[in-house]
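Proteins get letters first, then strands, A, B, ... in listed order; numbering begins at 1 in each.
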Amino acid sequence: MAEVSKESNEKAERSLNFIEQIVEEDIASGKNGGRVHTRFPPEPNGYLHIGHAKSICLNFGLADKYGGQTNLRFDDTNPVTEDTEYVESIKADVRWLGFDWENEFYASDYFDQLYAFAESLIQKGLAYVDDSTAEEIAAQKGTPTEPGTPSPYRSRSIDENLDLFRRMRAGEFPDGAKVLRAKIDLASPNMHFRDPIMYRIKHAHHHRTGDKWCIYPMYDFAHGQSDSIENITHSLCTLEFEVHRPLYQWYIEKLGIFPSHQYEFARLNLTYTVMSKRKLLKLVNEGHVSGWDDPRMPTISGLRRRGYTPSSVREFADRIGVARRENLIDVGLLEFCIREELNKSTSRVMAVVDDQPIKVVITNYPEGQTEIMKVENNPEDPSSGERDVPFGREIWIERDDFMENPPKKYFRLAPGQMVRLKGAYIIKCEEVVKNDAGEVVELRCTYIPESRSGSDTSGINVKGTIHWVSVAHAVEADVRLYDRLFIVENPAADERDFQELLNPNSLVTVKGLVEPSLKDAVAGERVQFMRKGYFCVDADSTADKLVFNRTVTLKDSWAKEAKKN
RNA sequence: UGCCCGAUCGUCUAAGGGUAGGACGACAGAUUUUGGUUCUGUUUGUGGAGGUUCGAAUCCUUCUCGGGCAACCA
């Protein structure tokens with residue numbers, strides 16, 4: 001029995017995703033001399049999101065596992081949309097995730113080589129300069145069910161093509177006047193074979209090459225060759241590039257260069273968010289969020305500011321797996337990963353998060369007296385020690401922790417009911433004080449002196465324990481409660497405009513009264529607000545005003561129970 | 001309606017001719033000075049129809065459904 005389960009465990013550990021299977025087969029067959037070299041190839045035109053994190057973990061993880069290397073390569077072939085700001089943010093995000101690249105390369109490093117490749121294809125009669133307009137070229141491509149028609153410039157001589165291409169490079173023609181096209185097959189069922197554009201004219205300043213070039217290669221004429229130049233063995237990309245693979249291979253074959261191979265996997269989709277760079281940019285530009293690093297964004301910088309840890313994101317990437325079928329991952333899995341880690345690592349502290357907390361006056365507790373309670377920092381980690389928490393006659397509690405007419409299984413405070421104050425005493429609610437509007441403003445309670453936490457001789461057993469903060473010692477804070485950005489699971493598939501699907505309550509800022517141990521908390525610090533969730537100190541926090549972001553709530557089975565009724 | 005890809009518990013993901021397994025979720029219980037954590041248990045799946053085979057999630061045929069492809073974007 002024991003042996004069987006051990007065996008199945010080992011089997012489970014050995015279970016490989018389809019890319020690992022390919023890599024292991026390649027290593028076994030001696031392909032590429034058993035070498036594994038991957039690359040992560042972002043275009044520096046936006047911030048990285050959690051979908052990129054999946055790709056980063058895959059590429060770097062693969063190299064790591066099989067003793068290989070991974071290059072970071074910026075796919076910067078379109079100067080109009082790219083910028084060094086993005087280069088820097090991308091590098092910071094990859095590093096934050098915990099990965100180090102072997103080489104930092106840029107497709108623009110290869111512009112000279114790529115240009116030479118283009119000339120060689122012209123010389124082989126496999127490329128021509130086309131004066132057609134963008135519209136004419138689109139029309140020449142035909143449709144998926146009808147073959148294309150040749151451009152009137154398709155039969156230019158090699159010499160003329162060479163001359164024209166050189167003059168394109170020299171800047172003799174305006175943007176859009178001419179393009180260089182591969183001469184392949186206008187009737188191919190693969191649209192990408194219908195004489196794809198290799199180079200276009202753009203008199204634009206490039207973030208790295210400056211004004212050296214006024215012609216820039218298209219993705220298809222840059223990516224595969226860049227892989228090849230770097231001797232990349234396994235070039236991983238998402239499924240939408242699958243139809244590009246034959247062209248990727250065609251260029252490599254005609255050029256006779258190192259045969260890198262492309263493999264595609266399904267991109268990550270997450271519930272209640274969007275993943276397209278276009279839509280994320282729109283959220284930023286139209287002010288629906290505060291920026292690329294808004295904690296509601298699925299960007300790596302957003303997750304970081306939200307309080308996610310690099311290891312939790314890596315764990316998530318590991319758990320979702322890699323396959324070729326479309327997927328929509330429950331954001332609950334991401335939340336599980338961060339809770340799992342923070343449960344073990346963060347200190348528990350008490351914070352009353354409520355715009356209208358209730359004051360509790362303990363009538364039989366001496367006025368002016370303060371007791372220092374020792375409270376354990378983390379029951380999951382005995383080595384985390386204890387801290388001092390002051391207790392007094394007046395304390396704050398949350399409005400949710402009191403009900404005047406409670407249902408049966410309500411274990412918190414109610415008239416005549418007892419509750420344990422975490423780390424302190426058991427109290428009993430004797431009297432409810434209301435204002436003229438009939439709202440509860442204060443509870444007058446008595447405490448059981450023998451019930452002191454750690455030395456309880458009262459013999460009383462209470463079902464509920466609530467958190468609290470001493471009125472005399474409370475530190476004010478702003479608490480930002482983040483929730484899902486969208487109200488539907490899959491905004492991308494919804495017919496309504498994605499802006500109509502935004503969750504109006506994705507950010508609610510609430511007043512917080514936190515225990516004094518938090519007074520000097522610094523940005524980035526993570527804690528658990530007992531019974532509430534995991535929070536981190538935001539960069540906006542100052543010495544005068546603490547600002548906390550809610551990373552994720554605790555699981556709340558009471559909320560679930562209450563919802564049922 | 002041309003070409004390409006895909007379809008396994010609610011959601012992901014294994015099994016590749018030989019017991020459909022794991023994770024998250026859900027449900028139930030135990031423990032608990034967090035209605036947290038932890039532990040135990042339960043639940044639910046091979047898209048349809050044919051075929052090959054002693055045996056099919058796996059191979060074949062076909063249907064259905066989903067996704068991608070006709071940017072001087074990547």
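In this structure, A:Trp558 packs face-to-face on the six-membered ring of B:rG35, meeting both the 5.5 Å centre cutoff and the 30° plane limit.
The OG atom of A:Ser458 sits 13.5 Å away from atom CZ of A:Arg452, with the distance rounded to the nearest 0.5 Å. Atom OH of A:Tyr534 and atom CZ of A:Arg339 lie 8.0 Å apart (nearest 0.5 Å).
Across all strands shown, A:Glu380 has heavy atoms under 4.0 Å from base atoms, whether or not it also approaches the sugar-phosphate. Using a 4.0 Å heavy-atom cutoff across all strands shown, A:Gly148 reaches no nucleic acid atom at all. Note on A:Lys141: only backbone sugar-phosphate atoms sit closer than 4.0 angstrom, heavy atoms only; bases stay farther off.
For the strand RNA chain B, secondary-structure stems (runs of at least three Watson-Crick or G-U pairs, all distances below 3.5 Å) span B:2-7 with B:64-69, B:10-13 with B:21-24, B:26-30 with B:38-42, B:47-51 with B:59-63.
Distance A:Met418 CE to B:rU33 P: 16 Å, rounded to the nearest Å.
With hydrogens and angles left out, the side chain of A:Arg420 and the base of B:rU33 share a donor-acceptor pair within 3.5 Å. Checked by distance alone, A:Thr145 brings no side-chain donor or acceptor within 3.5 Å of a matching partner on the base of B:rU1. The base of B:rG36 has none of its N or O atoms less than 3.5 Å from a complementary donor or acceptor on the side chain of A:Arg339.
Between A:Lys560 and the phosphate of B:rA26, there is a side-chain N or O to OP1/OP2 separation shorter than 4.0 Å. Side-chain N/O atoms of A:Lys463 include none lying less than 4.0 angstrom from OP1 or OP2 on B:rG35. For A:Arg200 and B:rA74, the shortest distance from a side-chain N or O to OP1 or OP2 is below 4.0 Å.
By the 4.0 Å N-to-carboxylate-O rule, A:Arg39 lies too far from A:Glu230 to be salt-bridged with it. In this structure, A:Lys374 pairs ionically with A:Asp388, as a charged nitrogen and a carboxylate oxygen lie closer than 4.0 Å. Ion pairing of A:Glu515 with A:Arg387 is present here, as a side-chain N (NZ or NE/NH1/NH2) and a carboxylate O approach within less than 4.0 Å.
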